There are 2 protein chains.
Amino acid sequence: MKKTSINDIARHLGVSKTLVSFVLNGRAKEFRIGDDIAARVLEVAREMNYQPNRIAQGLRTGKTKTIGLIIADIANPFFGKLGREIEQEAALHDYHVIFCSSDENPEKSRAQIAMLQQSQVDGYIISPPINSEEQIRLLAKGRIPFVLIDRYFPEIESDYIVVDNYDAAYKATSHLLAQGRRRIANITMNLNLVNMNERTEGYKQALLGHSIAVDENLIKVLPFSHDNKDVTKAIQELLGSTDGRKADAILFSTSKIGVMGIECISALGLKIPDDVAVVSFDNADAYKICVSPVTVVGQPLQEIGKTAVQIIMDKIEHPRNPARFQHIKLNTELIVRKSCGS
Amino acid sequence: MKKTSINDIARHLGVSKTLVSFVLNGRAKEFRIGDDIAARVLEVAREMNYQPNRIAQGLRTGKTKTIGLIIADIANPFFGKLGREIEQEAALHDYHVIFCSSDENPEKSRAQIAMLQQSQVDGYIISPPINSEEQIRLLAKGRIPFVLIDRYFPEIESDYIVVDNYDAAYKATSHLLAQGRRRIANITMNLNLVNMNERTEGYKQALLGHSIAVDENLIKVLPFSHDNKDVTKAIQELLGSTDGRKADAILFSTSKIGVMGIECISALGLKIPDDVAVVSFDNADAYKICVSPVTVVGQPLQEIGKTAVQIIMDKIEHPRNPARFQHIKLNTELIVRKSCGS
DNA sequence: CTGAAAGCGCTTACAG
DNA sequence: CTGAAAGCGCTTACAG
């Protein structure tokens, strides 16, 4: 059962493969090919179960109809949902997506970009890890379009789609303040990541805006590759002391941290929101059925994914020189549930 | 900045591209190519930042080093985690993965298989939706290897990796019985899916094994594409009546259903495990921080993903005729938490 | 030890 | 209206 090629069809009908190619690509009219012969080609193609070889098309046309996606971890629901939106939008354009999880590790993302490059993807959607500036800069020098999502590098010219993190954290912190909390902590990860940094900035400014001094002891910065232990340690420092707890509220900068954090809080026997109020970034499913459903900063994942693909498609179809870059900053939504009291 | 090809290197050094290809593929020794010239080739390749074109290699060798993955939904943490394991294992073999979410829709999976076919993937890992027997049978007739995961079709000869669903449900139900529950319900989805069917069978047999009659009213079968409304309706029927509730425990056959179910239970103002005990398939993160942390059937996701890739790799590297099929059934683990009382 | 040539399956100027 | 030919970037018999 060898696959049938355009050649097989041509031979079968005694015509040239040029002709076959034309009609298969729907360009029969354009080249004024006889209706009868065009119909026969289509018929035989169906009979022989012809499937165009995209690899061959790719080599010839220079378009593989594939986009490469690099995110931190596809198993993380935040990125999983984002990946889903991207897959869906790409499919509308007859595009495939190859996904790569970088684990926020620049070494991995570098290798992944190289692999994707060799696979001749037509475009990239990347959530760049820390210290990956050089790779991204190199990518920018090439002619394959890419969009950054979730974060970006201010010093590199590129398209990007992010969320207004500063505003989101400001709103979240203000909400906590409005509920009467004063010793509000923030658990985040490596602040060299712009998005994380903006969140913590928004948090700080909200405090200052309400005349509350920023207490650096209440800001816990986890390493980018963090696990339960790191979170436990942070929570312990914030809430563990028996003689009066340092914090009365926590803003979690990611849902990965938040979910682990809430697990720790429960393990300590503390109640949310009575002992500690909680707000987290990202509307994870877990938060809906949590001890006390968690107030979250919801991100417009569909819009992020859809827009990212659309920008890439536009650049693929209309390469422009010099390139014009889009910087898109989307709004978030504070979804109030019960974790901050009522 | 055009990409450098093997030809550029050959021209630059005044040698043939055959020679360049040999040394670039590490076959210099094999063809007894001069050490000096081999070294020069490598050097120039680095200088010119040569990146092999996988598309061209693929066309020539017939191997694209890509595997296609079809699961229900990459945004569903269960499949997200599985996808991650598959990606990771594939990377070890220098393979990429293209992912497709079928939404349990056979029309979609059919189109996805066709696309993947055209993209000349070297193998498939598929979690086949209901009514996709025909597609899978067709695939089996081709010469590209595939492995089924999570479910399989008993009537189709193929490799597959599943979990012992019958045993898992039997254990879970027995646990509920051991906690004194007697009116145990099961909320599942379309039973034509073997894995779902086996779960409900295990549930029934556990009841019978403890001399408890199976009450079909306690088994709620949701359509394969279900949402919050469907789950709410089922929960309502099971727990909503004011004059004595029908059920005192629920076994959720998937975590997607379970998470929504617990949300409903809370909305009804019912307490877990006091008013109703709960066990669910899949160790979702949500369950860890739930109102009352949920007892779950944990699946060996890493082993499933890893084994699936290994089987595919083996088949790609050692095509055998006639094919021999592996049927792997892995064990699950009942992780007892607090949702069934103590 | 090295090179010229064929060919993977397509698309697309070019010619008639 | 249709076909012969070139070429995308590789690998691999084959020849010398």
Side-chain angles (χ1 to χ4, degrees), chain A residues 2-41 44-45 48-66 94 117-122 143-144, chain B residues 2-41 44-45 48-66 94 117-122 143-144:
Chain A
K2 219 181 134 292
K3 283 187 186 154
T4 64
S5 77
I6 219 174
N7 246 321
D8 300 325
I9 301 178
R11 216 159 22 218
H12 187 89
L13 285 168
V15 298
S16 74
K17 53 182 183 163
T18 305
L19 190 151
V20 175
S21 174
F22 285 156
V23 351
L24 253 22
N25 286 314
R27 304 176 69 184
K29 285 276 162 284
E30 185 181 334
F31 290 95
R32 279 168 298 181
I33 286 165
D35 287 351
D36 38 350
I37 184 71
R40 297 261 17 234
V41 168
V44 171
M48 300 177 84
N49 188 29
Y50 171 71
Q51 305 264 45
N53 182 327
R54 282 198 177 216
I55 291 299
Q57 289 177 325
L59 183 58
R60 174 62 224 236
T61 63
K63 290 277 162 282
T64 53
K65 297 212 171 199
T66 304
D94 194 30
Q117 229 155 242
Q118 298 178 3
S119 291
Q120 318 296 121
V121 297
D122 295 345
R143 48 190 219 319
I144 308 297
Chain B
K2 217 179 135 296
K3 283 187 188 155
T4 64
S5 78
I6 218 175
N7 246 321
D8 299 326
I9 300 177
R11 216 160 20 222
H12 187 89
L13 284 168
V15 298
S16 76
K17 53 184 183 162
T18 304
L19 189 152
V20 175
S21 174
F22 284 156
V23 351
L24 254 20
N25 285 314
R27 305 176 67 183
K29 285 276 162 285
E30 184 180 334
F31 290 95
R32 279 168 298 180
I33 286 165
D35 287 351
D36 39 350
I37 184 72
R40 295 262 16 235
V41 168
V44 171
M48 299 176 86
N49 187 30
Y50 171 72
Q51 306 263 44
N53 182 329
R54 282 198 177 216
I55 291 300
Q57 289 176 325
L59 184 58
R60 174 63 224 235
T61 64
K63 291 277 162 281
T64 53
K65 298 212 171 197
T66 304
D94 195 29
Q117 229 155 239
Q118 298 177 5
S119 292
Q120 318 295 122
V121 296
D122 295 345
R143 47 189 219 320
I144 308 296

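Note that this is a predicted model, so its numbers are computed, not measured. All heavy atoms count here, side chains included; hydrogens, waters and symmetry mates do not.
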J.: Rounded to the Å, how far apart are A:Asp36 CG and D:dC1 C1'?
T.: 11 Å
J.: Show the distances under 3.5 angstrom between N or O atoms of the protein and N or O atoms of nucleotides 9-12 of chain D.
T.:
unit_1: D:dG9; atom_1: N2; unit_2: B:Ala56; atom_2: O; d: 3.3
unit_1: D:dC10; atom_1: OP1; unit_2: B:Tyr50; atom_2: OH; d: 2.9
unit_1: D:dC10; atom_1: OP1; unit_2: B:Asn53; atom_2: N; d: 3.4
unit_1: D:dC10; atom_1: OP2; unit_2: B:Ile6; atom_2: N; d: 2.9
unit_1: D:dC10; atom_1: O5'; unit_2: B:Tyr50; atom_2: OH; d: 3.4
unit_1: D:dC10; atom_1: N4; unit_2: B:Lys17; atom_2: NZ; d: 2.4
unit_1: D:dT11; atom_1: OP1; unit_2: B:Asn25; atom_2: ND2; d: 3.3
unit_1: D:dT11; atom_1: OP1; unit_2: B:Gln57; atom_2: NE2; d: 3.1
unit_1: D:dT11; atom_1: OP2; unit_2: B:Ser21; atom_2: OG; d: 2.7
unit_1: D:dT11; atom_1: OP2; unit_2: B:Asn25; atom_2: ND2; d: 3.4
unit_1: D:dT11; atom_1: O2; unit_2: B:Arg60; atom_2: NH1; d: 2.0
unit_1: D:dT12; atom_1: OP2; unit_2: B:Arg27; atom_2: NH1; d: 3.0
unit_1: D:dT12; atom_1: O4'; unit_2: B:Arg60; atom_2: NH2; d: 3.2
unit_1: D:dT12; atom_1: O4; unit_2: B:Thr18; atom_2: OG1; d: 3.2

J.: For C:dC1, which nucleotide is its Watson-Crick or G-U wobble mate, given both distances must be under 3.5 Å?
T.: D:dG16
J.: Please give, in whole Å, the distance from D:dC14 P to B:Leu19 CG?
T.: 20 Å
J.: Only counting residues at least two apart or in another chain, list the ones meeting side-chain contact (heavy atoms from CB on, under 4.5 Å) with A:Thr61.
T.: A:Lys63
J.: Determine the minimum heavy-atom distance between B:Gln120 and B:Thr64, stating which atoms define it.
T.: O-OG1, 2.7 Å
J.: For A:Gln118, run the side-chain hydrogen bond (donor to acceptor under 3.5 Å, both in side chains) check against B:Gln51, B:Gln57, B:Lys65 and tell me which one passes.
T.: B:Gln51
J.: Using atom CZ of B:Arg32 as one end and atom C1' of C:dT2 as the other, report the distance to the nearest whole Å.
T.: 12 Å
J.: Testing the basics here: between B:Leu59 and A:Ala56, what is the closest heavy-atom pair and its distance to 0.1 Å?
T.: CD1-CB, 3.8 Å
J.: Tell me the closest heavy-atom pair linking A:Phe22 and A:Ile33, and the distance in Å.
T.: CB-CD1, 3.7 Å
J.: B:Ile33 has an atom CD1; how far is it from atom P of C:dG3, in whole Å?
T.: 9 Å
J.: Report yes if some heavy atom in the side chain of B:Leu24 is under 4.5 Å from a heavy atom in the side chain of B:Val41; otherwise report no.
T.: yes
